[in-house]
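See below for the structure under consideration.
Chain letters run A, B, ... following the sequence lines, proteins first, then strands; residues in each count from 1. Not measured: the values here are computed from a predicted model.
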Amino acid sequence: MDAAVPALPPLVSRAFFARDADRVARALIGAGMSFGGAGGRIVETESYDPGDPASHTFGRRLTPRNKTMFGPPGHAYVYLSYGLHWCLNFVCADGSAVLIRALEPTSGIERMRKRRGSEELKTLCAGPGRLCQALGITGAQDGASLLAKPFAVRERAGRVAICVGVRIGISKAKDLPRRFGLTGSPFLSRRFAANTE
DNA sequence: CGATAGATCGGCT
DNA sequence: GCCGATCTATCGC
């Protein structure tokens, strides 16, 4: 008889991503994600779509950079921010995507600390740029499938309390409530105003 | 702790 | 030429 080891939650399917970004962004709070074995629990996301002035796909204009975001759901859209930080998105339906903003580190922690050059667990993956640095994600992963190694995305187990707020670091459409977080998590890039749902 | 400046460069107008 | 879906260090209170 095997011992009663709890099974890992199942890997998500392509259908998980084939929805609008707001729904996927919510579904991802509490879900697991890793790259090459390093990763954790997703605690913060933001959604973007073609109707959103802050989105790279705004107005449905195809450019060299955003072509992955217009591609099939279930792939990574990775771009360079401010000339130095990589940002990871999960491509969803119809030119929409979810920016992965923060993780609660659970696996490969020492490797992530080494990549970041920091011991501090709370800020190891707190922010899109830090998260990519910790996991070792760069533009080389743009267009890669999220349904196959070295990526792994797992459904969340059980219920979570999700809070909602306005997005961070944008100048357009700054009032849209498209930032989602795990209520009370110490691993957020920034705290939410007290407006849990 | 909040505000701010500087780093640094690809994408787009 | 301008402007970022950021981060860090540093300054002021």
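- Between A:Phe192 and A:Phe180, the shortest heavy-atom contact is CZ-C, 3.5 Å.
- Side-chain atoms of A:Asp20 and A:Ser96 form no donor-acceptor pair, as typed in the model, at a separation below 3.5 Å.
- Between A:Tyr82 atom OH and B:dT4 atom C1' there is a gap of 14 Å when expressed in whole angstrom units.
- Residue A:Ser189 is out of contact with every strand shown, counting any heavy-atom pair closer than 4.0 Å.
- At whole-Å resolution of the value, CG in A:Leu131 and P in C:dC7 are 9 Å apart.
- If you check every strand for non-hydrogen atoms under 4.0 Å, A:Gly129 touches sugar and phosphate atoms only.
- As a whole-Å value, the separation of A:Asp52 CG from C:dG4 C1' is 15 Å.
- If you take NZ of A:Lys67 and C1' of B:dG10, they are 15 Å apart, rounded to a whole angstrom.
- As rounded to whole Å, 17 Å separates atom P of C:dG4 from atom CG of A:Asn66.
- Distances from the side chain of A:Arg65 to the nucleotides B:dG11, C:dT6, B:dT8 place B:dG11 closest.
- Across every non-hydrogen atom of A:Gln141 and A:Gly136, the tightest pair is OE1-O, 4.0 Å.
- Base pairing of B:dT8 is not made with any nucleotide, judged by Watson-Crick or G-U wobble geometry with both donor-acceptor distances under 3.5 Å.
- Looking at A:Tyr79, its side chain comes within 3.5 Å of the base of C:dA5 through a donor and an acceptor atom.
- As a whole-Å value, the separation of A:Leu80 CG from C:dA5 C1' is 12 Å.
- Counting only distance, with no hydrogens or angles, the side chain of A:Thr68 and the backbone of A:Asp142 share no donor-acceptor pair below 3.5 Å.
- Residue A:Arg116 is classed as a sugar-phosphate contact, given heavy-atom separations below 4.0 Å to backbone atoms only.
- Contact check, A:Arg101 against C:dT6: a side-chain N or O comes under 4.0 Å of OP1 or OP2.
- Atom CG in A:Leu124 sits about 12 Å away from atom P in C:dC7, given to the nearest Å.
- Across all strands, A:Arg61 comes closer than 4.0 Å only to sugar-phosphate atoms, never to a base (heavy-atom distances).
- The side chain of A:Ser171 has C:dG4 as its nearest neighbour among C:dT6, C:dG4, C:dA5.
- Side chain to side chain, A:Asn66 and A:Thr57 fail the donor-acceptor criterion of an N or O pair below 3.5 Å.
- Base contact: A:Leu99 has a heavy atom under 4.0 Å from a base atom.
- Put simply, NE2 on A:His85 is 16 Å from P on B:dG6, counting in whole angstrom units.
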